[in-house]
Amino acid sequence: MTGLLGPAEIRDLAARLGVAPTKRLGQNFVHDPNTVRRIVTTAGLASNDVVLEVGPGLGSLTLALLPVAAHVHAVEIDPVLAAALPETAVRHAGPAAARLSVHRADALRVTAGQLADPAPTALVANLPYNVAVPVVLHLLAELPTLRHGLVMVQKEVADRLVAGPGSRVYGVPSVKLAWYARVRAAGRVPPNVFWPVPNVDSGLVAFTRREPPGAGGSRSRVFAVVDAAFAQRRKTLRAALAGWAGGGDRAAAVLTAAGVDPGARGESLTVEQFAAIAASAPAITRDGQ
């Protein structure tokens, strides 16, 4: 890879564009070439992968992705940065710049139709801290062609995304991401590779899409159970799911039918068990219990 942006190039480009990172958009620009090389290597991209990058900013990671991917879709909400990225790619990536499509859009609202030609197969991004979880979940729901990915997020968020049952940070993001994909921690990133320097470390999270667990029906049904279970995570599932099921006794019946102890708490359940609970609810309804 050549033509990557270092600290001097990042500052110079930002100055020419009149750009300063904003907390509102969660902008922290990577200025260390070794870090972007590490991200691309860890992502395990194939030459035919179509990469979706969210929040490319000044283009540090974009320039590392272009030589190794078949195509890169860059989704950028900032109009100044979105307009400048194609020129940056031409200047630093040469002929590989032809593989870039820039979309001036909000990643939380982007649709499969906007990214259809060609459809993304991998998500690789330095995600804005303030919207990382909803962006990942929205893209996995909206883009069934995404097969795998690697995202850089705040270390605390990374810990939540990869947490398993029984962990004190296991919660709604952990379970919902596990519904879509197998997830693993892929390393830590120090603050000093960013401008401005954040007050926290970042973490890399890798995922590989899988078939949804169980025969629990729709994603919305499973996620409704997850939301209810963790809304009152200190309570037993019998109590926490009472509102969702239509009463404590009804919740207990659904849980028992799913093979789950009504006295357990949501933080102890796997995503497969949440899917089993969602699948059991229609059976309880049909039986009139």
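Sequential numbering from 1 along the given sequence is applied to the chain's residues. Computed from a predicted model, the values in this text were never measured in an experiment.
Between V68 and V40, the closest heavy-atom pair is CG2-CG1, 3.7 Å. Contact record, G266 with A229: CA-CB, 4.3 Å, taken as the closest heavy-atom pair. Here the shortest heavy-atom pairing between Y170 and V271 reads OH-N, 4.1 Å. For the residue pair H73 and V50, the shortest heavy atom distance occurs at CD2-CG1, 3.7 Å. The nearest pair of heavy atoms linking A264 to L269 is CB-CD1, 4.3 Å. The two residues A281 and V254 come nearest to each other via the heavy atoms N-CG1, 3.9 Å.
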Derivation and outcome, side-chain contact (heavy atoms from CB on, under 4.5 Å), residues V133 and V157: CA-CA 8 Å; V133 171; V157 174; 3.6 Å; yes
Step by step, work out the side-chain contact (heavy atoms from CB on, under 4.5 Å) result for F207 and L123. CA-CA 9 Å; F207 67 86; L123 172 65; 4.1 Å; yes
With side-chain contact (heavy atoms from CB on, under 4.5 Å) as the test, would you mind laying out the steps for S218 and F223 before giving the verdict? CA-CA 9 Å; S218 71; F223 284 11; over 6 Å; no
Please determine whether ring pair (Phe, Tyr, Trp, His ring centres under 6.0 Å) holds for the pair W179 and F274, giving the CA-CA distance in whole Å, both sets of side-chain angles, and the decisive distance to 0.1 Å. CA-CA 10 Å; W179 192 86; F274 280 110; over 10 Å; no
Could you go step by step and tell me if R182 and E211 meet the salt bridge (Lys or Arg N to Asp or Glu O under 4.0 Å) rule? CA-CA 10 Å; R182 292 181 177 85; E211 286 298 313; over 6 Å; no
Is there a side-chain contact (heavy atoms from CB on, under 4.5 Å) between V131 and L127 once you walk through the steps? CA-CA 8 Å; V131 293; L127 291 176; over 6 Å; no
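No more than 12 heavy atoms of other residues, nucleotides or ligands shown are found within 6.0 angstrom of CZ on R188. In the displayed structure, R210 atom CZ is contacted under 6.0 Å by more than 12 heavy atoms of other residues, nucleotides or ligands. Heavy atoms of other residues, nucleotides or ligands lying less than 6.0 angstrom from CG of N199 number 12 at most. Atom CD of E87 sits in a sparse spot, with 12 or fewer heavy atoms from other residues, nucleotides or ligands closer than 6.0 Å. For R16, the CZ atom sits in a packed shell: over 12 heavy atoms of surrounding residues, nucleotides or ligands are nearer than 6.0 Å.
Residues L115 and L143 have side chains in contact (heavy-atom distance under 4.5 Å, counting atoms from C-beta outward). With a 4.5 Å cut-off on side-chain heavy atoms, L241 and V225 count as touching. Put simply, the side chain of S268 does not reach to within 4.5 Å of the side chain of P165, judged on heavy atoms. When side chains are defined from C-beta on, L63 counts as touching L5, because their heavy atoms get closer than 4.5 Å. At least one side-chain heavy atom of H103 sits under 4.5 Å from a side-chain heavy atom of V75. Residues N126 and V54 form no side-chain contact, since every pair of their non-hydrogen atoms from C-beta on lies 4.5 Å or further apart. Using a 4.5 Å cut-off on side-chain heavy atoms (C-beta onward), L65 and E53 make contact. Contact annotation: the side chain of L140 approaches that of R209 to within less than 4.5 Å [non-hydrogen atoms, C-beta and beyond].
From L45, atom CG reaches atom OG1 of T121 across 8.0 Å, with rounding to the nearest 0.5 Å. The distance from atom CZ of R160 to atom CG of L177, rounded to the nearest 0.5 Å, is 14.0 Å. The NE2 atom of H138 sits 6.5 Å away from the CG atom of L108 when rounded to the nearest 0.5 Å. Interatomic distance, K235 NZ to F230 CZ, rounded to the nearest 0.5 Å: 15.5 Å. Rounding to the nearest 0.5 Å gives a distance of 10.0 Å between CG of D201 and CD of Q154. Taking CG of L4 as the reference point, atom CG of D32 lies at 10.0 Å (rounded to 0.5 Å).
Residues H31 and S60 bring no donor and acceptor atom of their side chains to less than 3.5 Å of each other. There is a side-chain donor-acceptor pair under 3.5 Å between D49 and H148.
With respect to D227 and K176, a salt bridge is recorded, a charged nitrogen being found less than 4.0 Å from a carboxylate O. Between D78 and R104 there is no salt bridge, since no side-chain nitrogen of the basic residue lies less than 4.0 Å from a carboxylate oxygen of the acidic one. Taking a cutoff of 4.0 Å between a charged side-chain nitrogen and a carboxylate oxygen, R219 and E142 do not qualify as a salt bridge.
At a threshold of 4.5 Å between side-chain heavy atoms, the hydrophobic network of Ile, Leu, Val, Met, Phe, Trp and Tyr places V169 and V226 in two separate groups. Hydrophobic clustering (ILVMFWY, side-chain heavy atoms < 4.5 Å, transitive): V90 and L85 are in distinct clusters.
At distances below 3.5 Å, at least one donor-acceptor pair connects side-chain atoms of T42 with backbone N or O atoms of R38. Between the side chain of R99 and the main chain of V72, no donor-acceptor pair closer than 3.5 Å is present.
Ring planes of W195 and F29: tilted class, angle from 30 to 60°.
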